[in-house]
Amino acid sequence: MRLTVLIACLWWTTLGAAPATRIVSTSPSITEALFALGLGDRVVGVSTFCRFPAAAGALPKIGTFLRPDAELIARLRPDLVVIHAGPSGIEQRLSALRIPFASVERGRLPGVYSSIRTIAIVAGVPDRAATLIAQLESRLQRVRGVVAGRAAQRVLLIIGRRAGTLTDLIAVGRESYLTDLLTIAGGVNALADEGLPEYPRISMETVIRLAPDVIIDAGDMGDALEERRARRVTTEALWKGQPLAASRAGRVHAVTSDAFVVPGPRVVEAAETMALWLHGVTVAP
């Protein structure tokens with residue numbers, strides 16, 4: 001059991017608190033974990049960009065992941081707020097308002113699992129975490145199985161850029177959960193060099209130099225599903241004119257599902273889609 005989970009156990013035990021019944025989530029990954037753990041009926045507030053599942057979209061909003069609003073949170077009378085530690089300062093504001101909170105990890109795939117465990121513990125349903133994590137690991141193991149023995153593909157993952165252009169590119173480095181998923185799906189991150197930030201900024205010249213086999217672009221998805229489908233065509237057209245083998249071979253894939261950009265229980269869907277794009281294989285449910 002990871003240290004953060006242990007701290008969560010001790011913190012909640014020390015408080016002697018009853019299981020939380022009014023929970024506020026401050027990020028999409030936290031919201032998706034809460035609902036996947038069967039705790040959706042206890043969630044009373046979510047962040048601005050929490051869209052999945054559909055029920056989450058109808059809940060009161062408490063600000064963005066980067067700027068959660070402590071006053072909006074307080075108005076919802078939560079007995080638990082689940083946060084990510086970071087520069088927002090939300091921990092101090094919640095402490096000042098005497099609102100209980102738990103902090104969960106971000107980053108690599110193991111952090112997805114430890115976040116699920118922490119949330120389940122502080123919500124009083126620790127056994128559900130073991131069940132959910134076992135399901136996720138089983139599906140990821142099936143992905144590993146179907147790509148085993150196939151040549152690893154060099155992949156460039158883009159998660160940000162200026163809308164409608166291939167400028168101001170933000171890529172995925174080695175310390176991201178997306179790199180973990182890519183490895184499971186039979187790929188190699190073209191930007192896995194040590195020393196790079198988690199999400200490095202790169203130029204088109206760097207893309208050409210890297211010469212990836214496959215490009216996965218989640219940089220300009222849009223919000224509504226219809227908008228995402230329309231932008232997929234635009235995004236793939238942007239790449240077609242570039243002097244890249246991936247472009248010529250039709251191996252540029254524009255992401256339309258936010259499962260790729262939310263490090264929560266739906267990471268398995270992203271891994272399964274990667275396996276299809278990289279190796280043309282479908283993972284049986």
[atom1]-[atom2] distance between [X] and [Y], expressed to the nearest 0.5 angstrom:
X      : Y      : atom1 : atom2 : value
Ser247 : Lys240 : OG    : NZ    : 10.0 Å
Leu34  : Leu80  : CG    : CG    : 8.0 Å
Leu136 : Gln141 : CG    : CD    : 13.0 Å
Asp258 : Phe52  : CG    : CZ    : 8.5 Å
Leu182 : Leu278 : CG    : CG    : 6.0 Å
Arg42  : Leu37  : CZ    : CG    : 10.0 Å

Are Ile158 and Val262 connected in the hydrophobic side-chain network, where two residues link if heavy atoms are under 4.5 Å apart?
->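 Not linked; separate clusters.
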Report yes or no: do Leu39 and Ile30 belong to one cluster of Ile/Leu/Val/Met/Phe/Trp/Tyr joined by side chain heavy-atom distances under 4.5 Å?
->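 Leu39 and Ile30: one cluster.
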For the residue pair [Y] / [X], report whether a side-chain donor-acceptor contact shorter than 3.5 Å exists.
X      : Y      : result
Arg106 : Ser176 : no
Gln153 : Arg251 : yes
Thr118 : Ser115 : no
Thr179 : Asn189 : yes
Arg142 : Ser138 : yes

Determine whether [X] and [Y] make a side-chain contact, defined as any pair of heavy atoms from C-beta on separated by less than 4.5 Å.
X      : Y      : value
His253 : Thr273 : no
Asp217 : Val255 : no
Leu238 : Val252 : no
Leu169 : Val207 : yes
Ile83  : Val104 : no
Val24  : Val46  : no
Leu156 : Leu210 : yes
Thr31  : Phe49  : no

For [X], look at atom [atom1] and say whether over 12 heavy atoms of other residues, nucleotides or ligands are found less than 6.0 Å away.
X      : atom1 : result
Arg22  : CZ    : yes
Glu194 : CD    : no
Arg150 : CZ    : yes

Of all the heavy-atom pairs spanning [X] and [Y], show the shortest one and how long it is.
X      : Y      : answer
Ile99  : Pro78  : CG2-CG, 3.9 Å
Ile159 : Ala171 : CG1-O, 4.4 Å
His279 : Gly186 : NE2-O, 2.9 Å
Ser27  : Ser47  : CA-OG, 3.7 Å
Ala185 : Ala275 : CB-N, 3.7 Å
Ser29  : Pro263 : CB-O, 3.5 Å

When you measure from the side chain of [X] to the backbone of [Y], do you find a donor-acceptor pair of N or O atoms at a distance under 3.5 Å?
X      : Y      : answer
Arg108 : Arg174 : yes
Arg93  : Pro68  : yes
Thr235 : Arg232 : no
Thr26  : Val82  : yes
Asp69  : Leu72  : yes
Thr48  : Gly63  : yes
Asp79  : Thr21  : yes

When you check the gap from the basic side-chain N to the acidic O, do Arg154 and Asp213 get nearer than 4.0 Å?
->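 No salt bridge links Arg154 with Asp213.
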Kindly indicate, with the supporting measurements, whether the criterion side chain to side chain contact (heavy atoms under 4.5 Å, CB included) is fulfilled by Leu276 and Val281.
-> CA-CA 5 Å; Leu276 176 63; Val281 295; over 6 Å; no
Walk me through it: do Val188 and Thr183 pass the test side chain to side chain contact (heavy atoms under 4.5 Å, CB included)?
-> CA-CA 6 Å; Val188 175; Thr183 301; over 6 Å; no
CA sep, side-chain torsions, deciding dist, call: Ile90, Ile73, side chain to side chain contact (heavy atoms under 4.5 Å, CB included) | CA-CA 10 Å; Ile90 189 63; Ile73 292 173; 4.2 Å; yes
Derivation and outcome, side chain to side chain contact (heavy atoms under 4.5 Å, CB included), residues Val143 and Arg139 = CA-CA 7 Å; Val143 176; Arg139 287 179 65 180; 5.9 Å; no
In terms of the angle between their ring planes, are Trp277 and Phe260 parallel, tilted or perpendicular, with boundaries placed at 30° and 60°?
->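 Plane angle under 30°, so parallel.
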Among Arg162, Arg161, Arg201, find the one that has a salt bridge (Lys or Arg N to Asp or Glu O under 4.0 Å) with Asp168.
->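 For Asp168, the salt bridge (Lys or Arg N to Asp or Glu O under 4.0 Å) check succeeds only for Arg162.
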